[in-house]
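Data block below; observations after.
These numbers were taken from a predicted model, which means no experiment stands behind them.
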Amino acid sequence: MTSSLRARPDASEYASFYHGYVSAVPQGDIVTLLRDGGKELIAALRAVPEERGAFRYGEGKWSIREVIGHMLDAERIFTYRALRIARGDATPLPGFEQNDYVKTAGSDARSMASLVDELAAVREST
């Protein structure tokens, strides 16, 4: 495992599927990057008008509210995975079917403000 929070993980430490995501993260202290990136994300989402929350760019695509709901689920899941890794849990980490999660989350029934508030709280706890 990488010994520093400032070093990018080696490609052998994550599934190849995640390479694009990992390589897009700037170098630096991960806690600072998460905190600053979270602030930027929350500010951008707060600027989206409530009436745009149901917008979908195409048939069968997720709404803006559903994208935020997916971000909530993914943040929680990846934080849980990080906790297990940090505690030395060698049990294989299960995947999750994002489309099933989005279908059952009920994000479209919520306000943009409530979703963004929850995302801010989840990011802060991360």
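Taking CZ from Phe78 and OG1 from Thr126, the interatomic distance works out to 12.0 Å, rounded to the nearest 0.5 Å. Distance check: Ser114 OG to Ile68 CD1 gives 9.0 Å after rounding to the nearest 0.5 Å. Rounding to the nearest 0.5 angstrom, the gap separating the CG atom in Asp29 from the CG atom in Asp36 is 9.5 Å. Annotation: the span from Lys39 atom NZ to Leu34 atom CG amounts to 12.0 Å, rounded to 0.5 Å. Between Leu45 atom CG and Leu119 atom CG the span is 6.5 Å, to the nearest 0.5 Å. To the nearest 0.5 angstrom, Ile77 atom CD1 is 4.0 Å from Phe96 atom CZ.
No side-chain heavy atom of Gln27 sits under 4.5 Å from any side-chain heavy atom of Leu33. No side-chain heavy atom of Ile42 sits less than 4.5 Å from a side-chain heavy atom of Asp117. Phe55 has its side chain out of reach of Lys61: every pair of non-hydrogen atoms, C-beta onward, lies at least 4.5 Å apart. Between His70 and Tyr101, the closest side-chain pair of non-hydrogen atoms is not below 4.5 Å.
For Glu66 (side chain) and Ser63 (main-chain N/O), a donor-acceptor pair under 3.5 Å exists by modelled atom type. The main-chain N or O of Asp10 is found under 3.5 Å from a side-chain atom of Glu13 such that the two form a donor-acceptor pair. Between the side chain of Glu50 and the backbone N or O of Met112, at least one donor-acceptor pair lies under 3.5 Å. Arg123 places no side-chain N or O within 3.5 Å of a backbone atom of Leu72 that could act as its donor or acceptor partner. Not a single donor-acceptor pair under 3.5 Å links the side chain of Thr32 to the backbone N or O of Gly28. Under the 3.5 Å distance criterion, the side-chain polar atoms of Arg65 are matched with a main-chain donor or acceptor of Arg110.
In this structure, Tyr14 is a member of the same hydrophobic cluster as Tyr21, with clusters built from ILVMFWY side-chain heavy atoms closer than 4.5 Å. Linking Ile, Leu, Val, Met, Phe, Trp and Tyr whenever their side-chain heavy atoms come within less than 4.5 Å leaves Val22 and Val31 in two separate clusters.
A salt bridge links Asp108 with Arg56: the distance from a Lys NZ or Arg NE/NH1/NH2 to an Asp or Glu carboxylate oxygen falls below 4.0 Å. A salt bridge links Arg76 with Glu118: at least one charged nitrogen is closer than 4.0 Å to a carboxylate oxygen. Between Arg81 and Asp89, no side-chain nitrogen of the basic residue sits less than 4.0 Å from a carboxylate oxygen of the acidic one, so the salt-bridge criterion is not met.
At most 12 heavy atoms of other shown residues, nucleotides or ligands fall within 6.0 angstrom of atom CD in Glu124.
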Hey, mind stepping through Met71 and Val122 against side chain to side chain contact (heavy atoms under 4.5 Å, CB included) and telling me if it holds?
CA-CA 10 Å; Met71 292 166 65; Val122 169; over 6 Å; no

Going through the checks in order, is the side chain to side chain contact (heavy atoms under 4.5 Å, CB included) test met by Glu75 and Tyr80?
CA-CA 9 Å; Glu75 182 99 8; Tyr80 170 68; over 6 Å; no

Could you go through the side chain to side chain contact (heavy atoms under 4.5 Å, CB included) check for Leu93 and Ile85 one step at a time?
CA-CA 9 Å; Leu93 297 168; Ile85 292 165; 4.1 Å; yes

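Residues Gly69 and Ser107 approach most closely at CA-OG, 3.4 Å, considering heavy atoms.
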